[in-house]
Amino acid sequence: MTSRRSFYKNKTVLVVDDSDQIRSYFKSMLLLIGFDDVTLARDADMALSCCRRIPFDFILCDFHLGTGRDGYQLFEILRTEQLLKPESCFLVVSAERQRQAIYGIIEFQPDDYLLKPFSYAELERRITRAYHIKQALKLAYQAIHQHDFADAVLACDHVVDHRSQYAMHATRLKAELLVRLERFDEAEHLYQWALTVRDFAWARLGLAVTYGYQGRSNEAEALLQELSGQAETRIEALDWLTRLYISQQNPSAALTAVEQVAKSSPRNYLRQHVLATLAVIENRKDLSVQVHQRLLNAARYSMYDTADNMLNFARALIEQAKDQDAKARKETLLRLDSFLMTIKKRFHPASYEHDRLVVDARIAMLEGRTKDALRVLEHSEQLSLERHLSPAGMLDRARAYFEAGNLAMCDHYMAALSALTQDDNLYCSAIGLMMQHEQKKHQELRQQLMDRNAAGMQAYGSGDFSMAIDYFRTALESMPANVNIALNLLQALSMRDELNSDLTALARHCISLIEAGQLPVDQQKRYQVLLSHLDL
């Protein structure tokens, strides 16, 4: 065992636990082990404050921290904000047997899990082991911290070549780095070799991952299905199955897989978000609303507790309302209005007003207030200048502009969203599939619109003005703010000798749309002529 005085004396350690008694107990053991510098924190917020001041060598954190963030959420924030040194060791302490991640040690995976109760000797053994692993792979972790994965691979090779006792740890890390570098064939061979040494769960899962990336879908699916039936690998195997099905553009199978894992691990925010996204694609909008409502609680105290997260629930309600009858829609919109008021109580309006206005515009569309919707969208654009837009926010804007008939702006935000969804993770994969789904749906609606508009033009040309009115009106219902269709409809109405009350109201509605919208310059004269022919 390494000498306590020489090894621990100059190391800093942070203990995070909501129990005064447990914190004192920890401190006593750590002092006995040889630490001189022990900092105590009663919750995640206090721990964050400490980590912003001190780069700790060790953090021992209880999983459950009472009200507020839990230990894993704290670890996630520390990694995201780069408040941990590459060689820092983060150990999760818990009285419950948490499932340890077996793949993805580059990402959010603690260095060890320590189950209560434990002895002084066990605590020292775990701390020492975690430290020695991090020291052996120090150069690799430093390179990863700098996103230099090629250098990190070389650092792993150095550990293996020197026959270190941590050679297998280096092998595992190297294999994941090779996947990151898209050197899938090399990664596969490394995982195969590891399995000749021992039946490592991480190696079997890694092998399935390389199969998937190499397009060997049947082999990947078969192995992942096998691993999803085993407790140790169930959650991660189902995650990778979901990604596999998304890459195959099979949202139904992906939804089935992610539903299973979401039940087993309900606190994972991004996984739940993927579930909600796939639910919309599969037209299970009620499920999407339920999931986003759960996310309001799951995100509380986490790094995802944002106004955008709350707006996601509002967006899900809008999608649900679009398919409802008048009575149910009215109830949903009342619920939505009440919910939007709660966001104001939690977040300053200036931080999310640009996105909330898009929600307001879509509500106005649903209520038939197209002129108001267009005005609100224009205001939203002004507020969104120089602001970061989330993928969900961009998708909402694309939908709003499509509903408003502004296809150019819809395409603009779809293109911007496409650039954002290139990251290789489950969440971006799901958003990318949603984008493709929306684009396909929009293309189909555009084609229907063009067909109805063309049929209206043909009927108009043949003198069947009643049929032309019906075709143009149906087209306008598909895209209620399209000024060109409104102009065509108005022209067909102008050919009627007399307008009844319903047709008069329809003509006035067309005029309102045209006045609120942006009619092309070359159509302005045509519009003025039509107005002179109409007696409204």
Side-chain angles (χ1 to χ4, degrees), residues 79 82 86-87 101-109 111 133-134 136-228 233 236-249 270 418-430 432-433:
R79 289 291 300 269
Q82 295 191 338
E87 62 273 20
I102 59 157
Y103 185 84
I105 59 177
I106 298 174
E107 296 296 343
F108 300 121
Q109 182 169 310
D111 296 290
I133 292 172
K134 273 291 177 73
L137 296 169
K138 181 177 180 179
L139 295 178
Y141 280 113
Q142 287 176 345
I144 291 169
H145 191 71
Q146 300 297 324
H147 300 284
D148 190 343
F149 301 124
D151 267 6
V153 167
L154 295 177
C156 290
D157 284 337
H158 181 78
V159 175
V160 173
D161 291 344
H162 283 73
R163 299 181 181 275
S164 164
Q165 67 183 100
Y166 303 107
M168 190 55 71
H169 291 86
T171 299
R172 176 181 176 181
L173 182 56
K174 177 184 174 180
E176 291 184 24
L177 289 163
L178 290 173
V179 171
R180 280 288 189 95
L181 293 167
E182 299 185 3
R183 291 157 60 179
F184 304 122
D185 186 61
E186 295 176 65
E188 178 189 347
H189 282 92
L190 207 52
Y191 284 126
Q192 292 279 21
W193 174 82
L195 288 170
T196 65
V197 177
R198 203 167 83 193
D199 187 22
F200 294 109
W202 55 264
R204 287 192 294 149
L205 190 56
L207 195 60
V209 170
T210 62
Y211 289 160
Y213 277 120
Q214 293 177 86
R216 294 154 62 182
S217 300
N218 291 337
E219 293 173 85
E221 183 177 5
L223 185 50
L224 289 171
Q225 288 284 7
E226 177 189 337
L227 293 169
S228 70
T233 51
E236 289 177 276
L238 285 170
D239 272 345
W240 284 101
L241 267 176
T242 303
R243 291 180 64 167
L244 179 66
Y245 292 137
I246 287 175
S247 71
Q248 296 172 339
Q249 297 193 346
L270 290 179
S418 178
L420 277 183
T421 56
Q422 299 304 311
D423 289 349
D424 182 28
N425 59 55
L426 181 58
Y427 172 68
C428 285
S429 298
L433 187 62

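From a predicted model like this one, the values you see are computed outputs, not experimental measurements.
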Contacts under 3.5 angstrom, residues 215-223 side chains, donor-acceptor by atom type, not counting sequence neighbours:
unit_1	atom_1	unit_2	atom_2	d
Arg216	NE	Glu219	OE2	2.9
Arg216	NH1	Glu188	OE1	2.8
Arg216	NH1	Glu188	OE2	3.3
Arg216	NH2	Glu188	OE2	3.4
Arg216	NH2	Glu219	OE1	3.1
Ser217	OG	Gln248	NE2	3.3
Glu221	OE2	Tyr245	OH	2.7

Checking Arg183 now: which residues fulfil side-chain hydrogen bond (donor to acceptor under 3.5 Å, both in side chains) with it, not counting sequence neighbours?
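Residues passing side-chain hydrogen bond (donor to acceptor under 3.5 Å, both in side chains) with Arg183: Glu186.
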
Nearest 0.5 angstrom please: [X] [atom1] to [Y] [atom2], how far?
X      : Y      : atom1 : atom2 : answer
Leu433 : Ile246 : CG    : CD1   : 6.0 Å
Leu207 : His189 : CG    : NE2   : 10.5 Å
Arg204 : Glu226 : CZ    : CD    : 6.0 Å
Phe184 : Gln214 : CZ    : CD    : 7.5 Å
Leu173 : Ile133 : CG    : CD1   : 11.5 Å
Ile144 : Leu177 : CD1   : CG    : 4.5 Å

Any non-hydrogen side-chain atom of Tyr213 less than 4.5 Å from a side-chain atom of Arg243?
yes

Any non-hydrogen side-chain atom of Met168 less than 4.5 Å from a side-chain atom of Phe200?
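They are in contact (side-chain heavy atoms under 4.5 Å apart), so the answer is yes.
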
For residues 151-163, tabulate all N or O donor-acceptor pairs below 3.5 Å that involve a side-chain atom, not counting sequence neighbours.
unit_1	atom_1	unit_2	atom_2	d
Asp157	OD1	Lys174	NZ	2.6
His162	ND1	His158	O	2.9

Under the side-chain contact (heavy atoms from CB on, under 4.5 Å) criterion, do Leu224 and Leu205 qualify, and how do the steps go?
CA-CA 7 Å; Leu224 289 171; Leu205 190 56; 3.8 Å; yes

Is it the case that more than 12 heavy atoms not belonging to His145 sit under 6.0 Å from its NE2 atom?
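Correct, the count exceeds 12.
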
Nearest atoms (heavy-atom pairs only) where Thr210 meets Ala187:
CG2-CB, 3.8 Å

Residues Ala194 and Trp202: closest non-hydrogen pair is CB-CH2, 3.8 Å

Which is it for Trp240 and Leu227 under the side-chain contact (heavy atoms from CB on, under 4.5 Å) test, yes or no, and what are the steps along the way?
CA-CA 10 Å; Trp240 284 101; Leu227 293 169; over 6 Å; no

